[in-house]
Amino acid sequence: MNRSEVSNGIVSLPITPTTPTTTIDSRFECNVCRKLFKKKSGLTRHLNIVKKYNISRSDLDILPENTIQQFKCILVYYIRKKLPRSYKQLGKQTVSVPATESQFYAVFKNHIHYYSARRGFYKCMFCGVSANQILANILDIQEWAVKFYEQQQRTYIVLCDDANIGSDDENPILRATKKCKSKYKCWQLVVEWKQQKNIDFNGNLTQAGHIYFHFFNSQAMIQ
C-alpha cells in the first residue's frame, strides 16, 4: 500500500484503483476540514481563500490584551463545566458563550477556516494529536480540556482517534454518536461564531453574537 505524503500542510492520498491501470490517480486533502480535491491547484485555491478569512479587518475592534486574556478564562470556565464526573453525562457536548465578533476574532484569528459575512458566521476546526496544544496556546491555559476528580478520575475532551476506545458497550462516545447522529465528528472540536437576531411584532430588532464549542468528552483513570 502506498503511504500518504505530507508537504506544506497538504496531505496527498493515493487512491488504489479497483482495476489495473497504467496511471495512479491522486486526491489532495485539507488537513483541517478534510475536504478532498482532485488536483493540487484546487487545494491551493481553498487554502488561499481560508488565508483571506484570517486577515484583520478595519471594522473589528482592537481589544486590550488584558481584556482578551480575561475572555479566554471565561471560555475555559464554560468549557470545563461540560466535563462532568457523571458517566451518564458523557458524549456530545455544546458550549454557548455570548461574545462580540471582535472578541471571537481576537481569540481565534489565524485559525478561522470558514467565514460568511452574509450569514454572520465563522467556523474553526481542531483535531489530531497536535490539536490539544494548539488550543492550549490559543486559550493560554495548558489544562483547558481536562478536569480532575477524586479516585484518580479525569474527564477530558476527545481530540484524536484513540486506538483503545473500546466497544460500544464500554465507551459513551460511540454510544452517543449512534444515538444523536451528530453532524460533528467524535474526534474533532468545532468552534463557531453566529450572529443571532430577534424581531418583535413592532419590528424592533435586537441581536447578539455567541461562540459555540462542539465536542465529545470521555473519562479515564489517571495513569
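Just so it is clear, the values below take in all heavy atoms, side chains as well, and ignore hydrogens, waters and symmetry mates.
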Self-check item: side chain to side chain contact (heavy atoms under 4.5 Å, CB included) assessment of V146 paired with T155
Solution: CA-CA 6 Å; V146 61; T155 304; over 6 Å; no

Practice problem: Decide side-chain hydrogen bond (donor to acceptor under 3.5 Å, both in side chains) for Q93 and H214; before the verdict, give the C-alpha distance in whole Å, the side-chain angles of both, and the deciding distance to 0.1 Å. | Solution: CA-CA 6 Å; Q93 307 292 327; H214 305 279; over 6 Å; no

Quiz item: Could you go step by step and tell me if Q69 and N66 meet the side chain to side chain contact (heavy atoms under 4.5 Å, CB included) rule?
Solution: CA-CA 5 Å; Q69 292 300 320; N66 65 323; 5.5 Å; no

Quiz item: What's the verdict on side chain to side chain contact (heavy atoms under 4.5 Å, CB included) for L43 and C30, showing C-alpha distance, side-chain angles and the deciding distance?
Solution: CA-CA 7 Å; L43 176 57; C30 172; 3.9 Å; yes

Practice problem: Apply side chain to side chain contact (heavy atoms under 4.5 Å, CB included) to the pair K147 and Y149, showing each step before the final yes or no. | Solution: CA-CA 7 Å; K147 195 170 183 178; Y149 292 96; 3.3 Å; yes

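Atom OH of Y78 has 12 or fewer neighbouring heavy atoms from other residues, nucleotides or ligands inside a 6.0 Å radius. Summarising the local packing, OH of Y77 is surrounded by 12 or fewer heavy atoms from other residues, nucleotides or ligands at distances under 6.0 Å.
In this structure, M125 and Q188 have side chains that are in contact, with non-hydrogen atoms separated by less than 4.5 Å. Inter-residue side-chain proximity for F215 and V190 is flagged as unmet; no heavy-atom pair is nearer than 4.5 Å. Side chains of H111 and I134 form a contact here, defined as non-hydrogen atoms less than 4.5 Å apart. Counting heavy atoms from C-beta outward, V97 and Y212 have side chains that stay 4.5 Å or more apart. C127 is listed as a side-chain neighbour of R34, based on a closest heavy-atom distance under 4.5 Å. Taking 4.5 Å as the limit, every side-chain heavy atom of F213 sits out of range of all side-chain heavy atoms of T94. Put simply, the side chain of I157 does not reach to within 4.5 Å of the side chain of F216, judged on heavy atoms. Within the 4.5 Å cutoff, side-chain heavy atoms of R85 are placed close to those of E150.
Here the CZ atom belonging to R27 is positioned 15.5 Å from the NZ atom belonging to K39, to the nearest 0.5 angstrom. Distance check: I55 CD1 to I112 CD1 gives 11.0 Å after rounding to the nearest 0.5 Å. From C124, atom SG reaches atom NZ of K109 across 13.0 Å, with rounding to the nearest 0.5 Å. Taking NZ of K52 as the reference point, atom CZ of R57 lies at 14.5 Å (rounded to 0.5 Å). Atom CG of L63 sits about 5.0 Å away from atom CD1 of I68, to the nearest 0.5 Å. Residue S218 holds its OG atom at 6.0 Å from CG of L90, rounded to the nearest 0.5 Å.
Across all their heavy atoms, R154 and F148 have their closest contact at CB-CD2, 3.9 Å. Shortest non-hydrogen contact noted between A99 and F71 is CB-CZ, 3.5 Å. Contact between V158 and N217 at its shortest, heavy atoms only, is CG2-C, 4.1 Å. Between P84 and Q219, the shortest heavy-atom contact is O-NE2, 3.6 Å.
Residues that satisfy the salt bridge (charged side-chain N to carboxylate O under 4.0 Å, His left out) test with D140, not counting sequence neighbours, are K72. Shown here are the side chain to side chain donor-acceptor pair (under 3.5 Å) partners of K123, two or more places apart in sequence or in another chain: there are none.
In this structure, Q103 contributes its side chain and T100 its backbone to a donor-acceptor pair below 3.5 Å. In this structure, W144 contributes its side chain and N132 its backbone to a donor-acceptor pair below 3.5 Å. Side-chain N or O atoms of N204 include none that pairs as donor or acceptor with a backbone N or O of D200 at under 3.5 Å.
Look at K35 and E29 and you find no salt bridge, because none of the NZ, NE, NH1 or NH2 atoms lies under 4.0 Å from a carboxylate O. We find that E143 and R80 are not joined by a salt bridge, their nearest charged nitrogen and carboxylate oxygen being 4.0 Å or further apart. Remark: K194 does not engage E101 in a salt bridge, criterion side-chain N to carboxylate O under 4.0 Å.
Residues L205 make up the rest of the hydrophobic cluster containing I199, defined by ILVMFWY side-chain heavy atoms closer than 4.5 Å, directly or through other members.
Ring to ring, H46 and F37 are close: their centroids are under 6.0 angstrom apart.
The hydrophobic cluster containing V50 does not contain V191, counting ILVMFWY residues as joined when their side-chain heavy atoms lie under 4.5 angstrom apart, directly or transitively. Residues I141 and L159 share a single hydrophobic cluster, defined by chaining ILVMFWY side chains whose heavy atoms lie under 4.5 Å apart.
Between the side chains of H210 and Q196, no donor-acceptor pair of N or O atoms lies under 3.5 Å.
The only option from Y122, F121, F108, Y105 that meets the ring pair (Phe, Tyr, Trp, His ring centres under 6.0 Å) definition with Y115 turns out to be Y122.
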